[in-house]
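Before any comments, here is the structure.
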Protein chains: 2
Amino acid sequence: MMVSTKGRYALTVMVDLARKGENGYVSLSDIAESENLSMKYLESIIAILNKGGMLKSLRGKNGGYMLARDPKDYTINEILLLTEGTLAPVNCIMQEGVQCEKAATCSTLPLWAGLDKVIENYLKGITLEDIITGNRKKMLGEYCESCDPAE
Amino acid sequence: MMVSTKGRYALTVMVDLARKGENGYVSLSDIAESENLSMKYLESIIAILNKGGMLKSLRGKNGGYMLARDPKDYTINEILLLTEGTLAPVNCIMQEGVQCEKAATCSTLPLWAGLDKVIENYLKGITLEDIITGNRKKMLGEYCESCDPAE
DNA sequence: GATAAATCCTACTCTCTCGGTAGGAATATG
DNA sequence: CATATTCCTACCGAGAGAGTAGGATTTATC
């Protein structure tokens with residue numbers, strides 16, 4: 001498993017905010033309750049999103065969080081990358097310019113690099129808006145049983 | 001990270017066997033030495049491959065392992081699936097018919113399902129032979145800088 | 001038949017990350 | 001001032017990942 005609860009919950013929070021966000025700030029307790037998740041744990045996750053510039057926050061009474069941009073301007077890739085740190089399928093993928101010492105002669109590296117690219121490409125192609133509108137065709141592609149194959 | 005050292009080493013072993021396998025059985029110590037990996041750890045990994053029917057083995061002096069089939073008849077997907085157990089990017093993907101209780105109303109599930117399919121599809125499309133022949137075009141696709149884009 | 005070289009099998013250990021919890025300080029509203 | 005909220009730091013238990021250890025069993029060769 002590549003994506004932990006941290007990344008999954010972060011995405012859930014973003015989706016929740018996108019849905020409720022029109023009416024101003026949404027409190028953490030509100031999100032935790034409607035998604036039925038631990039408020040304390042969500043707190044640590046939302047802090048990452050907030051520091052990463054994904055949200056606007058307001059302290060004090062009636063405070064809370066809201067999206068900093070329009071849902072269509074968030075890719076799933078950037079949300080998960082921020083919370084997970086990396087989405088690389090293996091740790092031998094070059095990270096921040098540092099690569100495995102055996103890279104030059106490793107015959108399996110192109111496979112991992114290719115897999116990494118396939119994942120990144122997919123996640124960059126989907127936005128928060130796609131999720132809240134339930135764009136199954138874009139997410140599931142040819143595997144979508146309820147989508148019209150003719151289109 | 002989705003693929004642990006277990007899966008990576010397993011693949012390395014398979015590649016090594018594919019390269020040396022023409023001359024009969026290859027011993028574990030031989031593989032461990034040429035790949036510079038712990039023999040004891042490899043032992044536990046190769047046991048999985050062997051029990052999974054991927055290899056033929058011969059005990060005793062001059063014994064060892066060899067591939068059970070032709071390299072082109074192994075997909076990377078099956079090798080990794082056997083050693084890793086699952087390649088699902090999140091644990092909310094249905095496994096063996098058991099799915100998350102919130103599945104029916106979960107708006108992010110199609111995303112995870114789509115990601116899972118993209119990964120599976122990629123890994124099913126690559127064979128052991130592609131790795132030993134260094135088929136960069138197939139592995140890296142459009143991201144292959146040394147491949148001729150015109151082809 | 002003894003010996004050496006191999007696979008096979010079971011159990012153990014150490015470390016790190018995941019998934020949370022706890023408690024309180026700062027800040028805004030009414 | 002009371003209350004509701006975000007913000008910050010520290011802590012903790014369980015389980016998985018990454019190996020280690022030791023020996024039992026099997027087979028080829030001398």
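Below, chain A is the first sequence line, B the second, and so on; all start at residue 1.
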For nucleotides 23-30 of chain C, 5' to 3', base contacts (B), sugar-phosphate-only contacts (S) and non-contacts (-) with protein non-hydrogen atoms under 4.0 Å give BB-BBBBS
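Of the residues in residues 48-57 of chain B, those lying under 4.0 Å from DNA chain C by heavy-atom distance are B/Asn50, B/Lys51, B/Ser57.
Side-chain contact check for A/Tyr65 versus A/Leu49: every heavy-atom pair is 4.5 Å or farther apart.
Spacing between atom CZ of A/Arg8 and atom C1' of C/dG19 amounts to 11 Å, rounded to whole angstrom units. Between B/Ile31 atom CD1 and C/dA6 atom C1' there is a gap of 12 Å when expressed in whole angstrom units. Distance, A/Tyr9 OH to C/dG20 C1': 10 Å, rounded to whole Å. Nucleotide C/dC18 holds its C1' atom 9 Å from the CE atom of A/Met1, rounded to whole Å. Across the protein-nucleic acid pair, B/Ile45 atom CD1 and C/dC8 atom P stand 15 Å apart, rounded to whole Å.
One distance of note links CG of B/Leu42 with CG of B/Leu37; it measures 5.0 Å at 0.5 Å rounding.
Within the structure, every side-chain polar atom (N or O) of B/Ser27 is placed at least 4.0 Å from both OP1 and OP2 of C/dA5. B/Tyr65 has a side-chain polar atom (N or O) that falls below the 4.0 Å cut-off from OP1 or OP2 of C/dC8. Phosphate contact (OP1/OP2 of C/dG19, side-chain N/O of A/Thr5, threshold under 4.0 Å): present.
Remark: the backbone N or O of B/Ile119 is not paired with any side-chain donor or acceptor of A/Tyr122 at under 3.5 angstrom. A distance-only check finds no donor-acceptor pair linking the side chain of B/Glu120 to the backbone of B/Asn77 [under 3.5 Å]. The closest donor-acceptor contact from the side chain of B/Tyr143 to the backbone of A/Ala113 lies at 3.5 Å or more, if one exists at all.
One finds no salt bridge joining B/Glu142 and B/Arg136 here, because no Lys/Arg side-chain nitrogen approaches an Asp/Glu carboxylate oxygen to under 4.0 Å. A salt bridge is defined here as a Lys NZ or Arg NE, NH1 or NH2 lying under 4.0 Å from an Asp or Glu carboxylate O, and A/Lys72 with A/Asp130 fails to meet this definition.
When DNA chain D is scanned in the 5' to 3' direction for atoms under 4.0 Å from non-hydrogen atoms of chain A, the outermost contacting nucleotides are D/dT3 to D/dC8.
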Set out, in order, the CA-CA distance, both residues' side-chain angles and the distance that settles salt bridge (charged side-chain N to carboxylate O under 4.0 Å, His left out) for A/Arg19 and A/Glu35, then state yes or no.
CA-CA 13 Å; A/Arg19 290 220 172 97; A/Glu35 301 296 338; 6.0 Å; no
side-chain contact (heavy atoms from CB on, under 4.5 Å), that's the test. Do B/Leu140 and B/Cys147 meet it? Break it down for me.
CA-CA 9 Å; B/Leu140 292 166; B/Cys147 297; 5.9 Å; no
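By the neighbour-count criterion of 12 heavy atoms within 6.0 Å, atom NZ of B/Lys138 is densely surrounded, having more than that number from other residues, nucleotides or ligands. Few gaps surround CD on B/Glu129; more than 12 heavy atoms of other groups in view lie less than 6.0 Å from it.
B/Leu28 comes within 4.0 angstrom of the backbone, heavy atoms only, and of no base. Heavy atoms of B/Tyr25 sit nowhere under 4.0 angstrom from any nucleic acid atom.
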